[in-house]
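Okay, structure first, notes after.
Throughout, protein chains are lettered first and strands after them, A, B, ... in sequence-line order, and every chain is numbered starting at 1.
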There are 2 protein chains.
Amino acid sequence: MDETDKKIIRALQRNGRLSNQDLSEKVNLSPSPCLRRVRNLEKAGVIDGYAAIVDQEAYGLPVTVFLQVRLERHGQDSVDTFEAAVARIDEIMECYLMAGDRDYLLRVVVASLADYEDFIRRRIHKIPGIASLDSSFAFGVVKRSQVLPG
Amino acid sequence: MDETDKKIIRALQRNGRLSNQDLSEKVNLSPSPCLRRVRNLEKAGVIDGYAAIVDQEAYGLPVTVFLQVRLERHGQDSVDTFEAAVARIDEIMECYLMAGDRDYLLRVVVASLADYEDFIRRRIHKIPGIASLDSSFAFGVVKRSQVLPG
DNA sequence: CCCTTATTGGCAGGACCTGCCAAAATTAGC
DNA sequence: GCTAATTTTGGCAGGTCCTGCCAATAAGGG
């Protein structure tokens, strides 16, 4: 992955629908090697896909909550059960395994506070082996970037 | 925003480079009204852009840290100074204004622990008016979704 | 210095986008 | 419940863009 690849990645993070022609101009290449590099980055898994970035509020989901979860036990079974449940629940946009007390940190997106209560009761409390929950509500998003540093 | 618009949004969140023809098939429309709906969603700001999704680790940035920041004062000046600094710092991928003690929660991405120390010393400690910092390290990503629920 | 390998640029056929207009569907008013 | 106005749709045509192939160039090793 040389400097040209990095330029390609940066450009596509900023605008994932850039045409190959425009992209090739930005990175000083002709279209065909440029396209080949993009395909290689995709095959190598560096570029993991493309997504439309949607405004949560405009879409009708103004509430963001960070939910910290602690498990009762940390054996493989407990962990697998929890992570499989997380994968299935659409309201969970992100989930990180954290250092410290082996917690999980989840970013949850819902339409309202009432829906959040519903989410906790109907989705989270159904998962076995949870020791504790801690919800932190976000007033709003100050920054969200798609472009990795470097 | 009717059910067809939502189908379009869901499809483009899953694959932001879907051709208009393929998209129009998925939502049972002919290409031209489909394209018009997409453009309208873009103009309305519901679709805020398109981005390549890049694998942090494959790109050479395996370390994710959640940094909680508390400000000394919460006047407009303090807040503006902090948020302007956040906007400028590339390592900060996300920043949320949190309920509770008026904290900020930042997701920071760096290449190594040494770089994180550098980031705190050279970027964060330079910002005036910070009362306290609390760093939580992530072992890894369990889930990351681009598709909003509903 | 030559040979091997990797990378590039150009080309051609085909797919796709996009702006226009007429047709169809939906809505509102009466 | 009918008509008129408005919105949404589908089709078409010109032009742009993608993509797979081949030769040419550049880079690296013996």
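- Between the C1' atom of C:dT7 and the CG atom of A:N28 lies a distance of 16 Å, rounded to the nearest Å.
- Under 4.0 angstrom from either OP1 or OP2 of D:dT19 there lies no side-chain N or O belonging to A:R36.
- Rounding to whole angstrom units, OH of residue B:Y50 and P of C:dC17 are separated by 11 Å.
- Among the protein residues, A:S19 comes within range of the sugar-phosphate backbone only, with heavy atoms under 4.0 Å from sugar or phosphate atoms but none that close to a base.
- C:dT7 atom P lies 9 Å from atom CG of A:D2, rounded to whole Å.
- Of the two residues near DNA chain C, A:R17 and A:S30, the one whose nearest nucleotide lies more 5' is A:S30.
- No salt bridge links B:K6 with B:E3; every basic N to acidic carboxylate O contact stays at or beyond 4.0 Å.
- For the pair A:L35 CG and C:dG9 P, the interatomic distance rounds to 13 Å; values are reported in whole Å.
- Comparing A:P31 and B:R39 against DNA chain C, the residue whose closest nucleotide sits nearer the 5' end is A:P31.
- Rounded to whole Å, the distance from CE on A:M1 to C1' on C:dA6 is 19 Å.
- Among C:dG9, D:dG10, D:dT8, the nucleotide with an atom closest to any side-chain atom of A:L29 is C:dG9.
- Going from atom CG of A:D22 over to atom C1' of C:dC17 covers 13 Å, rounded to whole Å.
- Atom CD of B:Q21 is separated from atom C1' of D:dC12 by 13 Å (rounded to the nearest Å).
- Relative orientation of the A:Y96 and B:F66 rings is perpendicular, given thresholds of 30° and 60° on the angle between their planes.
- With respect to A:V54, the side chain to side chain contact (heavy atoms under 4.5 Å, CB included) criterion is satisfied by exactly one of B:V147, B:L12, B:V46: B:V46.
- A salt bridge links B:R37 to B:D2: at least one charged side-chain nitrogen sits closer than 4.0 Å to a carboxylate oxygen.
- Checked against D:dC21, C:dC20, D:dC18, the side chain of A:S32 finds its nearest nucleotide in D:dC21.
- Here D:dG15 presents its P atom at 21 Å from CG of B:N20, a figure rounded to the nearest Å.
- What you find for A:P149 and B:L61 is that their closest heavy atoms are O-CD1, 3.5 Å.
- Among the heavy atoms of the strands lying under 4.0 Å from A:R37 are primed sugar atoms or P, OP1, OP2 only; no base atom is included.
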